[in-house]
Amino acid sequence: MLRCELHQLEGNRQLWTDWRDLLTRVKPELRLLTPEWFLAWGRSIGSEAPWTTGIEVVAVYEETTRKLCGLFPVGHPKVGLLRVNAMAGYYQPSRVILADESCEYAVGRSIGWFLVELGWSLMQLGPWPMSHKAHLGVLSALNELEMPIHKQSSCNLAIAELPATWQQYQDEVVDRKLWRRIHKSDAKLRCEYQVEVQHHRQPATEQQIRELVTTLGQIEKRSWLTSDPSGRPRFQGETAHQFWSDLIQETLVPNDQLDCWVLSADGLPVSFVFAITAGSTRYAIANNYDESFATYSPGSLIYRAMFEEGYSRGVTRYDFGTNELHYKKFWGAKYLDRMDTFTVSTNRIVAGFLKAGIKLKGLLNGSTHSDQHVSGEPLPTSSRHEQKRLKSALAEAEKELTGQTQEERETVTSV
């Protein structure tokens, strides 16, 4: 029998010990999600608005043996009057429930029941991959308890599952025309510049780690990201710099999971690919290049280095996240999974709005980042002013509710 408990992440020595033991029993590609991973995120990105400090963890134990069977890290962003209960952690690799492979679905079912027991008014589940049995278990339990489940968004997850050998990959996956273009670009670049490709796996010091992250940010600044409003830089700003520096130092290097290639021309870094490797799976987190070198196709040159090196270590599965396929399809990527995000409410009033498709605009007032969904619960209203604002927002939502058509009201997603 499984039992769920709510714990604080930071300073919880026993939880961390149990967590590390659980990682030996989860899917190999998820073993990079250590407690240090979440702590690094919580102290940097997770401590800035709209997030508030402090990560809680729903821990699922086997009741008689006290063996940890599952983990569900939760963060609490504050948006307007709402305190959000949302999955904690960086968005790639995907936010997931960590569960013992022998009981994934049962772990999810237990978490679903426990979330209702906690009584959180609004919860955000995901974005998470729908192939995970634990996620299906959560949705099954919530559906069984007749909790309103509203799908916020859905997108595809790009994954490349490759043949066993590098020779097979070259012959069967990548088009010969692409190989010819890569060889031609490589020759041209090496003819005009002194070219060096560095593979960073084990930076020895904190200073080297910070210099690496700084270099990646500098390449981003000279890339298309600076001119495209839809661009999403990964390594710019103090917060991102802190997150990646801490993550590399505290968990990626100690577990030999860092793989970063930087291509330089005459000593100037012009292209990079940043990846995290867990067993036979490699997460291609980010890659970019200096736009002034675009004619040399430096992105393709460094991608070739990543795939070739991967075969030397048995890497045959690449997770590219939720970005569109574009050029990734030429390297073997396909949409092999789906990422869904759900909002669930156990609060009667809020649940009524969700059933009608209300977005609670008065409460969710646009204080979110573009790459984050928002859900949450009303904060305690200790002052008359706060109470007045909350009542006004609820009244506005109720007014919007009564003005909707029947078709607009039928927005609840069946699970």
Side-chain angles (χ1 to χ4, degrees), residues 9-10 29-51 53 55 73 75 87-96 127 197-226 231-264 269-278 281-290 299 302-303 305-306 309 318-323 369-372:
L9 170 66
E10 193 159 3
E29 65 267 24
L30 301 180
R31 292 174 185 172
L32 76 166
L33 297 175
T34 62
E36 290 89 351
W37 174 289
F38 288 93
L39 188 62
W41 177 86
R43 289 177 171 175
S44 53
I45 299 170
S47 65
E48 289 196 340
W51 298 92
T53 56
I55 296 175
M87 294 189 76
Y90 202 66
Y91 54 88
Q92 189 188 359
S94 309
R95 293 169 180 162
V96 296
V197 177
Q198 291 183 302
H199 181 195
H200 300 271
R201 287 183 64 183
Q202 291 282 335
T205 66
E206 181 179 349
Q207 180 64 26
Q208 289 177 337
I209 291 171
R210 293 191 172 276
E211 288 176 355
L212 174 61
V213 175
T214 298
T215 296
L216 303 184
Q218 290 171 344
I219 296 174
E220 282 187 333
K221 288 180 180 178
R222 300 194 301 270
S223 74
W224 64 273
L225 291 174
T226 58
R232 185 171 57 182
R234 300 287 190 121
F235 302 100
Q236 295 183 36
E238 291 184 9
T239 301
H241 198 282
Q242 178 189 347
F243 169 66
W244 289 112
S245 296
D246 290 351
L247 188 68
I248 291 170
Q249 181 176 353
E250 294 173 12
T251 186
L252 297 187
V253 167
N255 291 296
D256 194 22
Q257 294 167 334
L258 172 67
D259 282 296
C260 180
W261 288 263
V262 178
L263 184 152
S264 300
V270 298
S271 181
F272 77 86
V273 59
F274 184 93
I276 300 173
T277 303
T281 294
R282 176 168 285 167
Y283 297 90
I285 302 296
N287 67 288
N288 228 308
Y289 59 88
D290 186 325
I302 209 162
Y303 249 43
M306 176 182 71
E309 190 278 340
Y318 287 76
D319 185 322
F320 293 95
T322 56
N323 291 326
H369 298 308
S370 60
D371 61 349
Q372 293 172 337

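One is the number of the first residue; the rest follow in order along the sequence. Keep in mind that what you see is a predicted model, and the values were worked out from it rather than measured.
- When all heavy atoms are compared, the tightest approach of Ala284 to Gln92 is O-NE2, 3.1 Å.
- Across Tyr283 and Glu29, no two heavy atoms sit closer than the pair OH-O, 2.7 Å.
- Residue Phe38 holds its CZ atom at 10.5 Å from OG1 of Thr251, rounded to the nearest 0.5 Å.
- The shortest distance between side-chain heavy atoms of Asn255 and Leu32 does not fall below 4.5 Å.
- Residues Leu216 and Cys260 form a side-chain contact, since some pair of their non-hydrogen atoms from C-beta on lies under 4.5 Å apart.
- A 4.5 Å side-chain heavy-atom check between Trp37 and Leu252 finds at least one atom pair inside the cut-off.
- Residue pairs meeting the ring-ring contact (aromatic ring centres under 6.0 Å, His included) criterion with at least one member in residues 199-223, sequence neighbours excluded, are His199-Trp261.
- Listed here is the closest heavy atom pair of Pro73 and Ile55: CB-CG2, 4.4 Å.
- Glu220 places a side-chain N or O within 3.5 Å of a backbone atom of Arg234 that can act as its donor or acceptor partner.
- Here the closest heavy-atom approach between residue Leu225 and residue Arg232 is recorded as CD2-N, 3.4 Å.
- Ring-centre distance between Phe272 and Phe235: below the 6.0 Å cut-off.
- Considering CD1 of Ile285 and OH of Tyr91, their distance stands at 9.0 Å, rounded to 0.5 Å.
- For Tyr289, the OH atom is loosely surrounded, since the number of other residues' heavy atoms within 6.0 Å does not exceed 12.
- Put simply, CG on Asp246 and CD1 on Ile209 are 9.0 Å apart, with the number rounded to the nearest 0.5 Å.
- Side-chain contact check for Glu211 and Gln207: at least one donor-acceptor pair (N or O, by modelled atom type) lies under 3.5 Å.
- Under a 4.0 Å N-O distance rule, the pair Arg282/Glu309 qualifies as a salt bridge.
- Separating the CG atom in Leu247 from the CZ atom in Arg43 is a distance of 13.0 Å, to the nearest 0.5 Å.
- What you find for Pro254 and Glu250 is that their closest heavy atoms are CG-O, 3.6 Å.
- Contacts of Tyr90 classified as ring pair (Phe, Tyr, Trp, His ring centres under 6.0 Å), with partners at least two apart in sequence or in another chain: Phe243, Trp244.
- Rounding to the nearest 0.5 angstrom, the gap separating the NZ atom in Lys221 from the CG atom in Asn288 is 13.5 Å.
- The two residues Leu258 and Leu212 come nearest to each other via the heavy atoms CD2-CD2, 4.5 Å.
- Using a 4.5 Å cut-off on side-chain heavy atoms (C-beta onward), Ser271 and Asn287 make no contact.
- Within 6.0 Å of the CD atom in Gln202, the count of heavy atoms belonging to other residues, nucleotides or ligands exceeds 12.
- Atom CG of Asp259 and atom OG1 of Thr277 lie 3.5 Å apart (nearest 0.5 Å).
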